[in-house]
Asks: 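My questions will all concern the structure given below.
Bear in mind the structure is a predicted one, so any value in this text is a computation, not a measurement. Here is how names work: the chains are called A, B, and so on, in the same order as the sequence lines, proteins then strands, and each is numbered from 1.
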2 protein chains.
Amino acid sequence: MPKSRYSDIYQDLKNKIETGEYEFQELLPSEHQLIEHYDCSRNTIRRAIGNLVTDGYVQTMQGKGVRNIYQPTQQNSFAIGNIESFRESALRNGKKPKTRVIYLTELVADKNIARRTGFEPGSNLYYLQRVHYLDNKALILNHNYFLKDLVPNLTKEIAESSIYDYIENTLNMSIITSKRVFTVEKMTEIDEKYLELGDYNCLAVVTSQTYNSDGIMFEYTQSRHRPDYFSFQDNATRRVR
Amino acid sequence: MPKSRYSDIYQDLKNKIETGEYEFQELLPSEHQLIEHYDCSRNTIRRAIGNLVTDGYVQTMQGKGVRNIYQPTQQNSFAIGNIESFRESALRNGKKPKTRVIYLTELVADKNIARRTGFEPGSNLYYLQRVHYLDNKALILNHNYFLKDLVPNLTKEIAESSIYDYIENTLNMSIITSKRVFTVEKMTEIDEKYLELGDYNCLAVVTSQTYNSDGIMFEYTQSRHRPDYFSFQDNATRRVR
DNA sequence: CAGAAAAACTTGTTTAAACAACTTGCGAAA
DNA sequence: TTTCGCAAGTTGTTTAAACAAGTTTTTCTG
């Protein structure tokens, strides 16, 4: 449920691109025409188009226009520049998600954990290991650390449905930013036990630190992905800066 | 050499964050104060801050302010959301880059190549294989395909210095957008021959399609990275949309 | 003193206008 | 006919203003 004008226009243009109303390589209507069509100001149009640019749907060219560069083949299970839970991502792609908790404990961050995760030494944490299944295939092994003060009363039941739903709708905490780093790492015994890795001896690893609206990091997660089912998309632009 | 006001302000604020003039978790001056300091309009300030947000330096909170969330440990060799050549990236990180061309040929795209790269079947292409060294370590094996019509007269010498420099400054073509996909793939014989992979049997692979200002894809590249030296950073935000 | 209401301050959205920079095409001049 | 220059159309940058929405502080009321 988008709430702003530019967000509505973004959605509408995105739909028209995805349904092929604008063809690949075709120029979109000019800002002037879009202003008339949507009956809004130029800034609002430009903001909608700016979001289409960052999401890789169009490219703007000064003096020329805005070109549709969307190709439907590039659909991908992982959203770019957007925080999304496993469940949300799966449902968006029409898959059947399932999550199993294989370990859940409370612990206090020692020096080692603190250095790895970025939490302060001495922090009270929940630590859990979860396996994510998509259409009954084990694809992801997650190591989650949550700050107990901010995410209290975490249970196995919550962890198997949706922690993000619990955080946002029950605890009413708002999630803002997440820093993610993508690497490739050797497999561990745990990986081997729970994921079917075949010949691969390494995994695609996404570590992320997530912050709430008070600027406090409340989550550190390492997501270890089965390589043959992992792909991550990005749209880059040439900036001089 | 930034040319716009918001870009100058972005740079200045970024410097102040990186040098610690604003501390981690500290709130930046309010928009009102920044307007007075830089003597500009609110929109210009907001644009500079918007870029800091997408680059992961700050997080904005309605009603509260703008918080510095930059941590110097996260420095990384690969730029986010920015097209950058290997040479540019290396120099920016103070490393000594070297590039060796191990294969260079012309070819015509058959059905197979066309499907993989996205070029039209029958396109005249340059195909080259290059190894990128950083401080004398072989880190990346590149497979590059360039559209011969748009990148003519490609030589070994150009390919060993900087193709992007040749494209932008000699051919005067402007590079706009690049779509990148990250995956993990099994190693091939060529990978094994030119990169020191140790125990790893797979690599971090970045495939990218790059477009010029006419919306034409002129480059398809597959970059195969030695896993232990690869890392890629991303900043995500929670969007409702 | 405690709590509620109001004020002040923050960022978020939208409109309007002007000028700059770049591209294309038309028409006039050579 | 060819070429140059200009006009028209496009996106890019910047300013100004108003209101909305969220947070914090102050003030007032009980």
Side-chain angles (χ1 to χ4, degrees), chain A residues 1-11 13 26-54 57-69 172-177 212-216 237-241, chain B residues 1-11 13 26-54 57-69 172-177 212-216 237-241:
Chain A
M1 59 200 87
K3 48 175 184 239
S4 50
R5 193 89 181 81
Y6 72 84
S7 180
D8 290 339
I9 296 172
Y10 164 87
Q11 272 300 344
L13 289 173
E26 188 185 339
L27 292 184
L28 266 60
S30 72
E31 291 176 353
H32 179 67
Q33 290 171 292
L34 290 174
I35 288 168
E36 288 216 337
H37 182 269
Y38 290 107
D39 188 32
C40 66
S41 75
R42 190 170 164 222
N43 282 349
T44 301
I45 292 292
R46 285 181 63 76
R47 190 151 176 189
I49 288 179
N51 286 337
L52 290 174
V53 170
T54 60
Y57 284 90
V58 299
Q59 99 184 140
T60 63
M61 297 159 296
Q62 185 169 0
K64 285 182 166 180
V66 179
R67 177 174 280 117
N68 172 15
I69 57 168
N172 287 316
M173 182 164 73
S174 56
I175 300 163
I176 303 267
T177 326
N212 72 2
S213 59
D214 293 322
I216 299 174
T237 52
R238 183 75 165 161
R239 297 187 281 187
V240 190
R241 272 188 190 166
Chain B
M1 57 199 86
K3 47 178 182 236
S4 51
R5 194 89 182 83
Y6 72 87
S7 180
D8 290 340
I9 296 171
Y10 164 88
Q11 272 300 344
L13 289 173
E26 188 184 340
L27 291 186
L28 266 60
S30 71
E31 292 176 353
H32 179 68
Q33 289 171 293
L34 291 174
I35 288 167
E36 289 216 336
H37 182 269
Y38 289 106
D39 189 31
C40 66
S41 75
R42 190 171 162 221
N43 283 347
T44 301
I45 292 292
R46 285 181 62 76
R47 190 152 177 187
I49 289 179
N51 286 337
L52 291 173
V53 171
T54 61
Y57 283 90
V58 300
Q59 99 184 140
T60 63
M61 298 159 294
Q62 185 169 2
K64 285 183 165 179
V66 179
R67 177 174 280 118
N68 171 14
I69 56 167
N172 286 315
M173 182 164 73
S174 57
I175 300 164
I176 303 266
T177 326
N212 72 2
S213 59
D214 292 323
I216 299 174
T237 50
R238 183 76 165 161
R239 297 188 280 187
V240 188
R241 274 190 189 161

Asks: On DNA chain C, nearest-nucleotide positions of Arg47(A) versus Lys64(A): which is more 5'?
Replies: Arg47(A)
Asks: Rounded to whole angstroms, how far apart are CD1 on Ile35(B) and P on dT15(D)?
Replies: 10 Å
Asks: Please tell me if the side chains of Leu34(A) and Leu13(A) come closer than 4.5 Å, counting only heavy atoms from C-beta onward.
Replies: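 Yes - at least one pair of side-chain heavy atoms lies under 4.5 Å apart.
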Asks: Are Arg67(B) and Asp214(A) within salt-bridge range, i.e. N to O under 4.0 Å?
Replies: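 Judged by the 4.0 Å cut-off on N to carboxylate O distance, Arg67(B) and Asp214(A) do not form a salt bridge.
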Asks: How many Å lie between CE on Met61(B) and C1' on dT10(C), as a whole number?
Replies: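 In whole Å, dT10(C) C1' and Met61(B) CE are 10 Å from each other.
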Asks: With the side chain of Gln62(B) defined as its heavy atoms from C-beta on, choose the nearest nucleotide among dT13(C), dA21(D), dT13(D).
Replies: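 So the nucleotide nearest the side chain must be dA21(D).
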Asks: Grab the CG-P distance between Asn43(A) and dA16(D) for me, whole Å please.
Replies: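 Rounded to the whole Å, the gap is 15 Å.
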Asks: Are Thr60(B) and dG12(C) close enough that a side-chain N or O sits under 4.0 Å from OP1 or OP2?
Replies: yes
Asks: With nearest nucleotides of DNA chain C determined for Val66(B) and Asp214(B) from heavy-atom distances, which residue corresponds to the more 5′ nucleotide?
Replies: Val66(B)
Asks: Let me know the distance between CZ of Arg46(B) and P of dT10(C), rounded to the nearest Å.
Replies: 13 Å
Asks: Among dT11(C), dT13(D), dT24(D), which is the nearest nucleotide to the side chain of Arg42(B)?
Replies: dT11(C)
Asks: dG12(D) phosphate, OP1 or OP2: any side-chain N/O from Ser4(B) under 4.0 angstrom?
Replies: no
Asks: Do you know the tightest heavy-atom contact between Met173(A) and Asn212(A)?
Replies: SD-ND2, 3.4 Å
Asks: Roughly, in whole Å, what's the span from NZ in Lys3(A) to C1' in dT13(C)?
Replies: 11 Å
Asks: Identify which nucleotide among dT10(C), dT15(D), dT10(D) has an atom closest to any side-chain atom of Ser41(B), counting heavy atoms from C-beta outward.
Replies: dT15(D)
Asks: Which heavy atom in Tyr57(A) sits nearest to a heavy atom in Asn68(A), and how many Å separate them?
Replies: O-OD1, 3.5 Å
